[in-house]
Amino acid sequence: MLKELRKKDINILHLFWGHYPSLVAYLVKTTMPKVKISLFLGAYDLEYSLGVSKSISKSSDYIFTHAKVNLKHLENLGIESSKVNVIHRGTKVREFLTSMNKSEK
């Protein structure tokens, strides 16, 4: 995979999971230092707290997660909260329930 990435002359590598895909980020960071690393850390990453995720997150350029509640977990891993962006994903339950209630009437 690293060989293919080098051929493409990439500027940014985005990993949607932190755990084992972080190995790819490590290889890119060490052999292609100009490439920016974007990393998602979510429930699986926070639950298992793998060393490889913690390590690459410290040198990543952009980190995001889906919930504010994850910020405390990320801080516990040694990741500065100022480095993390919360990007919500999913359904707004309140709006969904409101529209359901209207349709039932």
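Keep in mind the model is a prediction, meaning the values are calculated, not measured.
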### Task
Check whether more than 12 heavy atoms from other residues, nucleotides or ligands sit under 6.0 Å from atom NZ of Lys83, and answer yes or no.
yes
#### Entry: Shortest non-hydrogen separation from Ser57 to Ile79 and the atoms involved
OG-CD1, 3.2 Å
## Note on the structure
On a heavy-atom basis, the closest approach of Gly42 and Thr65 is CA-OG1, 4.2 Å
### Task
Report the residues that fulfil ring-ring contact (aromatic ring centres under 6.0 Å, His included) with Tyr44, sequence neighbours left out, ordered by chain and then residue number.
His19, Tyr48
#### Entry: Path from Ile63 to Val86 over hydrophobic side-chain contacts below 4.5 Å
yes
#### Entry: Minimum heavy-atom distance Asp45-Ser53, with the two atoms named
OD1-OG, 4.1 Å
### Task
Assess whether side-chain contact (heavy atoms from CB on, under 4.5 Å) is satisfied between Leu2 and Val24, documenting all intermediate values.
CA-CA 7 Å; Leu2 183 61; Val24 175; over 6 Å; no
## Note on the structure
With sequence neighbours left out, the residues meeting side chain to side chain donor-acceptor pair (under 3.5 Å) with Glu80 are none
### Message
Is there a path of hydrophobic side-chain contacts, each under 4.5 Å between heavy atoms of I/L/V/M/F/W/Y residues, joining Tyr62 to Leu15?
### Response
no
#### Entry: Linked, directly or transitively: Leu23 and Val28 (ILVMFWY side chains, under 4.5 Å)
no
#### Entry: Shortest non-hydrogen contact between Ile10 and Leu13, atoms and distance
CD1-CB, 4.1 Å
### Query
Do NZ/NE/NH1/NH2 and the carboxylate oxygens of Asp61 and Lys29 come within less than 4.0 Å?
yes
### Task
Taking atom OH of Tyr26 as the centre, report whether more than 12 heavy atoms of other residues, nucleotides or ligands fall under 6.0 Å from it.
no
### Message
Ring-plane angle category for His66 and Phe64, please: parallel below 30°, perpendicular beyond 60°, tilted otherwise.
### Response
perpendicular
### Message
A side-chain contact here means heavy atoms from C-beta on lying under 4.5 Å apart; do Arg6 and Thr31 qualify?
### Response
yes
### Query
Between Leu71 and Leu46, is there a shared hydrophobic cluster once you connect ILVMFWY residues whose side-chain heavy atoms come closer than 4.5 Å?
yes
### Query
So does Ile87 have more than 12 non-hydrogen atoms from other groups sitting under 6.0 Å from CD1?
yes
#### Entry: Common cluster, Leu27/Val52, ILVMFWY with side-chain heavy-atom separation under 4.5 Å
no
### Task
Just do the side-chain contact (heavy atoms from CB on, under 4.5 Å) check on Ser49 and Leu77 with the steps written out, would you?
CA-CA 8 Å; Ser49 185; Leu77 293 177; 2.9 Å; yes
### Task
Identify the two heavy atoms, one from His14 and one from Leu39, that lie closest to each other, and give their separation to 0.1 Å.
ND1-N, 4.3 Å
### Message
Can you give me the closest heavy-atom contact between Met32 and Leu5, atom names plus distance?
### Response
CE-O, 3.9 Å
### Query
Step by step, would you call Leu41 with Asn70 a side-chain contact (heavy atoms from CB on, under 4.5 Å)?
CA-CA 9 Å; Leu41 294 171; Asn70 292 346; over 6 Å; no
